[in-house]
Amino acid sequence: MIRAALLDLDGTLVTEDMLDVVCDVVGKRADSQALNEQFRRKKITGTEAIIRRVNLLRGVSVSAIHELLARESYLREGAQELVDYLRRENVVTAIQSRNITPVLSFYQAALGIDYILGTDPNVVDGVIQG
């Protein structure tokens with residue numbers, strides 16, 4: 001019997017790299033994609049890539065991120081049905097991702113996920129500081 005399900009976000013529950021999507025709030029999607037590509041090519045570490053990508057969001061409010069994501073869900077077909085099934089079966093659900101917690105919290109609420117674990121940027125008064 002399954003007791004818990006640990007789910008990934010980017011490319012699994014959603015169709016895009018959501019950090020790239022939210023960097024579009026400040027017109028930095030291409031910059032985010034370039035940093036991610038540098039990581040994939042092993043030119044920078046994963047830690048450096050995520051720090052630099054989060055820093056692109058400095059000054060962006062969590063509410064602006066949630067408003068952007070509310071306009072288009074980016075959910076992969078069947079994602080909601082999967083989570084609904086797991087909930088009916090009393091399976092504890094969690095999203096684990098290197099994506100930022102403001103993005104993860106949006107999908108936690110949208111899908112009814114129990115827990116999230118991700119990159120926790122410095123947020124002061126609802127605004128990302130880096």
Salt bridge Glu16-Arg29, side-chain N to carboxylate O under 4.0 Å: yes
Minimum-distance pair of heavy atoms, taken over all atoms of Pro121 and Ile100: CD-CB, 4.0 Å
Listed once per pair and sorted, the salt bridge (charged side-chain N to carboxylate O under 4.0 Å, His left out) pairs that draw on residues 45-60, sequence neighbours left out: Asp17-Arg53, Asp20-Arg53, Glu48-Arg52
Tyr107 versus Ile113, closest heavy-atom pair with distance: O-CG1, 4.2 Å
Side chain proximity check, Val22 to Leu68, heavy atoms < 4.5 angstrom: yes
The single option from Ile50, Asn36, Leu35, Leu9 passing side chain to side chain contact (heavy atoms under 4.5 Å, CB included) against Leu19: Ile50
Heavy atoms from other residues, nucleotides or ligands near CZ of Arg87 exceed 12 (cutoff 6.0 Å): no
Nearest heavy-atom neighbours spanning Leu104 and Ser97: CD2-CB, 3.8 Å
For Ile65 against Pro102, the heavy-atom pair lying closest together: CD1-CB, 4.3 Å
Ser61 OG to Ile128 CD1 distance, which is reported to the nearest 0.5 Å: 8.0 Å
Atom CD of Glu77: over 12 foreign heavy atoms under 6.0 Å: no
Spacing of CG belonging to Asp8 relative to CG belonging to Leu13, to within rounding of 0.5 Å: 7.5 Å
Whether over 12 other heavy atoms sit under 6.0 Å from Asn122 CG: yes
Euclidean distance, Ile2 CD1 relative to Asn90 CG, rounded to 0.5 Å: 12.5 Å
Steps toward salt bridge (charged side-chain N to carboxylate O under 4.0 Å, His left out) verdict (Glu37, Arg41): CA-CA 6 Å; Glu37 186 59 27; Arg41 291 182 179 203; 2.8 Å; yes
